[in-house]
Amino acid sequence: ERALEEKREKYFQKDSDIKQAEKEKKEYEQELEERKDILKYLELPEDKLFAREEILHKAKIKMQELSSRRRTLEKKEDALQKEYKLLVSGRVMELPDNLKEEFEKLDVPVVYGMEWLKKNGFTEKKNKEIVSQNPFLPYALILTRQELKKLAERNGETYTSFPVPIIERENLESIKLDRTQSFVKMQDIHFYILFNENLLDEEKMEIMIEQKQKDIADIRETMQICKNEYEDYFHRFDVIKRQAVTKENWDKIQKKLQKLEKEKEDIFQNIQQARDTKQSLKKNFEILQKTLRELEKKIESQAARQRAFK
């Protein structure tokens with residue numbers, strides 16, 4: 001009886017071990033299903049299912065590409081924002097901040113040629129004539145003779161990356177430069193200048209501003225898509241990185257389950273054999289008891305007959 005009880009305990013322990021192994025296998029199966037989806041997303045074949053490092057490498061490359069693309073888009077958006085601000089402010093150029101600070105120290109106001117053109121009260125036709133005679137005006141600063149003298153008397157502290165045209169306010173409408181098509185000649189120096197005259201037309205200017213706003217909105221939408229894609233790849237990268245399943249432990253858990261199932265079945269068969277043996281012994285014991293009872297009756301019957309003959 002004790003041996004049978006021990007076999008039952010072993011059977012229940014094997015059953016518990018199998019359930020634990022099945023739980024582990026199910027977790028691996030879930031990870032592998034996730035991995036199959038990631039392989040499709042990364043455009044990798046299914047035979048790379050256990051190529052963890054290769055999958056991570058491919059995801060990392062995708063993230064690097066998206067990061068690079070996003071930085072490029074951010075630069076484009078920054079450039080568009082600057083163009084938009086210039087359009088709204090009515091400028092076609094912007095002084096560097098350090099140069100603005102130097103002008104402020106000298107108490108020289110920064111007045112842009114385009115600002116003057118927009119605020120001078122002249123007709124569009126008149127402004128076009130002025131720009132035609134002085135093509136530098138939209139790209140220049142306008143200073144009074146006195147302000148220009150301040151600058152001339154002081155050694156500059158700020159290096160420039162491009163020339164800054166300055167026009168005296170007093171001579172603003174009297175300047176006439178030698179111009180041929182898109183070229184302006186000053187002594188032996190030629191300047192290529194092609195000014196967008198639509199900037200002098202309020203209606204066309206509004207259309208340009210609206211288009212610039214649309215361009216910014218479009219690039220922001222593209223940036224958001226890029227960001228979402230990056231987050232998707234990062235999520236999948238993180239999933240693969242955290243997964244425990246490998247080819248080795250996947251094969252191992254399957255073999256372990258097969259072994260446990262066989263051991264459980266062997267114990268079950270042993271229990272069945274023990275039960276059958278017990279039943280057989282019990283039946284034989286009952287037969288033996290019955291036989292003994294019958295013998296006792298015969299003996300008793302014979303003893304009774306012998307007593308009767310005396």
Side-chain angles (χ1 to χ4, degrees), residues 1-71 73-74 220-286:
E1 187 68 32
R2 177 61 187 162
L4 186 59
E5 188 59 34
E6 286 177 355
K7 290 183 191 304
R8 286 198 189 97
E9 287 176 4
K10 285 183 179 179
Y11 180 84
F12 291 129
Q13 183 58 51
K14 289 296 175 187
D15 191 59
S16 176
D17 293 343
I18 287 170
K19 286 178 181 176
Q20 183 61 37
E22 284 176 339
K23 182 183 176 184
E24 188 177 346
K25 183 186 176 186
K26 189 175 181 181
E27 288 172 356
Y28 288 158
E29 285 174 339
Q30 289 173 344
E31 288 185 358
L32 289 173
E33 285 304 311
E34 285 180 328
R35 193 173 288 189
K36 285 177 184 177
D37 290 336
I38 292 171
L39 287 176
K40 290 177 185 175
Y41 195 81
L42 294 173
E43 298 178 342
L44 286 171
E46 201 165 302
D47 60 12
K48 300 291 184 183
L49 193 62
F50 292 102
R52 181 177 180 273
E53 293 307 315
E54 188 173 340
I55 297 169
L56 288 172
H57 180 67
K58 183 71 178 286
K60 196 171 183 179
I61 288 173
K62 289 284 187 181
M63 287 191 292
Q64 288 171 345
E65 288 173 355
L66 287 166
S67 291
S68 176
R69 186 183 173 201
R70 191 176 174 187
R71 285 192 295 272
L73 289 169
E74 284 171 351
R220 282 179 176 171
E221 184 180 347
T222 305
M223 284 170 64
Q224 187 60 47
I225 292 169
C226 191
K227 180 185 176 185
N228 293 343
E229 286 183 12
Y230 180 90
E231 289 173 353
D232 285 343
Y233 278 110
F234 181 82
H235 170 70
R236 286 165 172 80
F237 180 86
D238 191 53
V239 167
I240 295 293
K241 205 170 182 181
R242 288 185 289 105
Q243 284 185 341
V245 64
T246 63
K247 183 71 169 68
E248 183 183 357
N249 56 27
W250 174 246
D251 292 341
K252 186 177 177 181
I253 194 65
Q254 292 185 96
K255 289 176 183 177
K256 183 179 179 180
L257 266 171
Q258 290 172 359
K259 183 172 178 288
L260 288 170
E261 290 284 1
K262 186 178 183 306
E263 289 172 352
K264 179 184 173 184
E265 180 61 26
D266 290 345
I267 294 170
F268 178 77
Q269 293 298 331
N270 288 337
I271 290 171
Q272 286 297 102
Q273 289 174 5
R275 282 175 178 168
D276 291 344
T277 301
K278 183 181 176 183
Q279 286 295 108
S280 178
L281 289 171
K282 184 180 177 183
K283 188 176 180 181
N284 291 336
F285 181 72
E286 288 173 352

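Note that the structure is a prediction, hence the values are computed from the model and not measured.
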task = Cation-pi check, Arg70 to Tyr230: give yes when NZ or CZ is under 6.0 Å from the six-membered ring centre and within 45° of the ring axis, no otherwise.
result =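 Not flagged: Arg70 not positioned over aromatic ring of Tyr230.
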task = Give a yes or no on whether a salt bridge exists between Lys255 and Asp251, defined as a side-chain N under 4.0 angstrom from a carboxylate O.
result =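 Here Lys255 does not pair with Asp251 in a salt bridge, since their nearest N and O are not under 4.0 Å apart.
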inquiry  = Quick test of your reading of the model: are Glu33 and Lys36 salt-bridged, counting only N-O distances below 4.0 Å?
reply    =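 The answer is yes: the pair qualifies as a salt bridge.
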With the side chain counted from C-beta on, respond yes when [X] and [Y] share a heavy-atom pair under 4.5 Å apart, and no when they do not.
{"X": "Gln20", "Y": "Ser16", "result": "no"}
{"X": "Gln269", "Y": "Glu265", "result": "yes"}
{"X": "Lys256", "Y": "Lys259", "result": "no"}
{"X": "Lys62", "Y": "Lys58", "result": "yes"}
{"X": "Lys60", "Y": "Leu56", "result": "no"}
{"X": "Thr222", "Y": "Arg69", "result": "yes"}
{"X": "Lys48", "Y": "Leu39", "result": "yes"}

Got a donor-acceptor contact below 3.5 angstrom from the [X] side chain to the [Y] backbone?
{"X": "Ser68", "Y": "Gln64", "result": "no"}
{"X": "Lys247", "Y": "Phe50", "result": "no"}
{"X": "Asp15", "Y": "Tyr11", "result": "no"}
{"X": "Glu31", "Y": "Gln243", "result": "no"}

Output the distance between atom [atom1] ([X]) and atom [atom2] ([Y]), rounded to the nearest 0.5 Å.
{"X": "Leu260", "Y": "Asp17", "atom1": "CG", "atom2": "CG", "answer": "5.5 Å"}
{"X": "Phe234", "Y": "Lys241", "atom1": "CZ", "atom2": "NZ", "answer": "8.0 Å"}
{"X": "Arg71", "Y": "Leu66", "atom1": "CZ", "atom2": "CG", "answer": "10.5 Å"}

key: side-chain contact (heavy atoms from CB on, under 4.5 Å) between Gln254 and Leu257, worked out   = CA-CA 5 Å; Gln254 292 185 96; Leu257 266 171; 5.8 Å; no
request  = Assess the side chains of Tyr28 and Glu24: does a donor N or O sit below 3.5 Å from an acceptor N or O?
outcome  =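 A pair is found: one side chain offers a donor N or O, the other an acceptor, under 3.5 Å apart.
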request  = Would you please name every residue forming a salt bridge (charged side-chain N to carboxylate O under 4.0 Å, His left out) with Lys26, sequence neighbours left out?
outcome  =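 Scan of Lys26 (salt bridge (charged side-chain N to carboxylate O under 4.0 Å, His left out), adjacent residues dropped) gives none.
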ask   = Would you find more than 12 non-hydrogen atoms of other residues, nucleotides or ligands less than 6.0 Å from Glu221 atom CD?
value =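 For Glu221, atom CD is not crowded (no more than 12 foreign heavy atoms under 6.0 Å).
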